[in-house]
Amino acid sequence: MNKPIERYQTELSQQLLPFWKKAIDTEYGGVYTCFSNDGAQLISKRKYIWSQGRFLWIACKLQQLQNENRLTDDFQWNRVAKQTYEFLRKNALMDNRHVVFAVEKDGRHIADQMDTSIFADCFYVLGCNAYADLQQDKQVFEHAYAIYQKINNRIDHQTFKSDPYPIPKGYTSHSIAMILLNVAQELYITATSFSKEYEQALERDQLILINRILDEFVTGSRIKELKHSQAAGDTLLERHINPGHTLESVWFMLHSLQGLQQEKQETITKIEEVAKQALELGWDQQDGGLFRFIDHLGGEPTGILIDTPYEQLIHDTWNLKLWWPHAEALYTTKLLESITGKTEWTNYYEQIERYALATFPQTDPAIREWIQIRSRDGTPLEKVVALPVKDPFHIIRSFILLIELQERKK
């Protein structure tokens, strides 16, 4: 089994999917995600809409792989997608069409988990759009697009929240432009089947968002996760780099540029440099793997503090090794290798793959999946780093995209 595509298919079908098949809620729909880090114990049946939308996206893409004979798995992902979509449509929306943050297992709303994060809305749209694409259902697509427009309106008027870490006053966040780009590019692909008007609008949105990221948040060869509207001084918030977010944002931009046939060499080169700096500064030369956060000069993040929960997160977790940055790095480096043909991206990819596959997979055959949160030296930790969930999204999405990339290269 030397072909890359066979490795990706095996990792999906034998290591990752067996865990999540057992986590599906066949009674109410959706999936349980509140597990201990090692995956051995379900600690809550509360459902975070953030993760439910992501899981719907996954189920739809897995069914598409099956339909195209690119995944040797006979599980009924179409049925799972339908149940998850119906759970979301029934329970995720408030009367004002905003998306709730979390619900009980049967979909009942929770008073303090309502309209608290625009990211829940975004992942709801991603999931619904994927279902529209799978089913070729124009009405579902138009529903997803309507919620997307509402998201944009709220962001334009600054009437949104961003739990679990609020954006500090006076700052703009790269994460907002980044997630909107991903949502716009996914909607754009589906719009090509249904609506020329929506397709053109989503093309404009993607180009605006790419330019916003490159012009407003890229300084030198790094992405600032947070940028103050004025000169805020040498703050931790502006000094730190999030290597995983940077690499994820890189492939979002590359996908949009490819889809819109806007692959100008000058832009690709700029994006390459951003990815390269995140990998070079983010790589732990002592123990291997990517740090969660780093200073823009390398090492532990430093800078003036303004007393926010996000700063505490940076200090507490900067040197942890998390599953999702490595999953994003796998795909980003392989994509850059495919676009540029440069062996340096092959080398980056191979370094990350060696570390990730030696570090994260759960070796207990009764559990499988990946142990998602590790200390600097790779020891598993029982720790919450954002939401109290074991999220299926990043790893499975990465291997789905890697399979699709290998198929395109044939």
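Heavy atoms only: backbone and side chains are in, while hydrogens, waters and symmetry mates are out.
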ring-ring contact (aromatic ring centres under 6.0 Å, His included) evaluation trace for Tyr310 with His240 = CA-CA 11 Å; Tyr310 185 62; His240 82 283; 5.4 Å; yes
What do the steps show when you test Lys161 against Asp115 for salt bridge (Lys or Arg N to Asp or Glu O under 4.0 Å), and what is the final call?
-> CA-CA 8 Å; Lys161 296 180 181 179; Asp115 189 6; over 6 Å; no
Could you walk me through whether Lys45 and Asp25 pass salt bridge (Lys or Arg N to Asp or Glu O under 4.0 Å), step by step?
-> CA-CA 9 Å; Lys45 292 188 176 181; Asp25 181 358; over 6 Å; no
Hey, mind stepping through Asp106 and Arg108 against salt bridge (Lys or Arg N to Asp or Glu O under 4.0 Å) and telling me if it holds?
-> CA-CA 6 Å; Asp106 58 2; Arg108 282 176 294 136; 2.8 Å; yes
Go through the steps for Asp287 and Lys321 under the test salt bridge (Lys or Arg N to Asp or Glu O under 4.0 Å), then give the verdict.
-> CA-CA 10 Å; Asp287 294 304; Lys321 307 296 170 57; 5.2 Å; no
For Asn67 and Gln63, what are the C-alpha separation, side-chain angles and deciding distance, and is it a side-chain contact (heavy atoms from CB on, under 4.5 Å)?
-> CA-CA 6 Å; Asn67 294 345; Gln63 184 61 52; 2.8 Å; yes
Pair Asn78-Gln135, side-chain hydrogen bond (donor to acceptor under 3.5 Å, both in side chains): steps then yes or no = CA-CA 9 Å; Asn78 194 49; Gln135 302 297 334; 2.8 Å; yes
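Atom CD1 of residue Ile58 and atom OG1 of residue Thr84 lie 10.0 Å apart, to the nearest 0.5 angstrom. With values rounded to the nearest 0.5 angstrom, Ser221 atom OG is found 12.0 Å from Ile271 atom CD1. Note that CE of Met178 and CD1 of Ile213 are 8.0 Å apart. Values are rounded to the nearest 0.5 Å. Note: Thr172 OG1 to His228 NE2 = 9.5 Å, rounded to the nearest 0.5 Å. Atom CZ of Phe75 is separated from atom CG of Leu71 by 12.0 Å, given to the nearest 0.5 angstrom. In this structure, NZ on Lys82 lies 12.5 Å from CG on Leu56, to the nearest 0.5 angstrom.
No donor-acceptor contact under 3.5 angstrom links the side chains of Gln312 and Thr308, judged on distance only. With 3.5 Å as the limit, one finds a donor-acceptor pair spanning the side chains of Thr317 and Arg292. With no hydrogens or angles considered, a side-chain donor-acceptor pair links Asp133 and Gln64 at under 3.5 Å.
The aromatic rings of Phe55 and Trp20 are tilted relative to each other, their planes meeting at an angle between 30° and 60°. Using bins of under 30°, 30° to 60° and over 60° for the plane-to-plane angle, the ring pair Trp318/Phe291 lands in the tilted bin.
Aromatic rings from Trp370 and Phe360 are positioned such that their centres are separated by under 6.0 Å. You'll find the ring centres of Phe123 and Trp50 inside the 6.0 Å limit. Checked against a 6.0 Å centroid threshold, the rings of His245 and Trp324 count as neighbours. A centroid separation of less than 6.0 Å is found between the aromatic rings of Tyr124 and His143. Here the two rings, on Phe101 and Tyr48, have centers that are under 6.0 Å apart. Ring to ring, Tyr331 and His255 are close: their centroids are under 6.0 angstrom apart. The six-membered or imidazole ring of Tyr198 lies away from that of Tyr188, with a centre-to-centre distance of 6.0 Å or more.
For the pair Leu247 and Trp251, the minimum side-chain heavy-atom distance is 4.5 Å or more. Side chains of Gln206 and Leu181 form a contact here, defined as non-hydrogen atoms less than 4.5 Å apart.
A cation-pi geometry, defined here as NZ or CZ lying under 6.0 Å from the six-membered ring centre and within 45° of its normal, does not hold between Lys105 and Tyr32. At least one cation-pi condition fails for Lys342 and Tyr348: the charged atom is not both under 6.0 angstrom from the six-membered ring centre and inside a 45 degree cone around its axis. In this structure, Lys3 is not positioned above the aromatic face of Tyr8 in the sense of NZ or CZ being under 6.0 Å from the six-membered ring centre and within 45° of the axis. Judged by the 6.0 Å and 45° rule, Lys334 forms a cation-pi pair with Tyr349.
The residues Glu369 and Lys22 are annotated as not salt-bridged, no charged nitrogen and carboxylate oxygen being separated by less than 4.0 angstrom. Salt bridge status for Lys21 with Asp73: present, with a side-chain N to carboxylate O gap under 4.0 Å.
Within 6.0 Å of NZ on Lys61 lie more than 12 heavy atoms contributed by other residues, nucleotides or ligands.
With sequence neighbours excluded, the residues satisfying side-chain hydrogen bond (donor to acceptor under 3.5 Å, both in side chains) with Glu344 are Lys276.
For residues 198-225, the salt bridge (charged side-chain N to carboxylate O under 4.0 Å, His left out) pairs, not counting sequence neighbours, are Lys196-Glu199, Lys224-Glu238.
In this structure, the side chain of His326 engages the main chain of Leu322 through a donor-acceptor pair within 3.5 Å.
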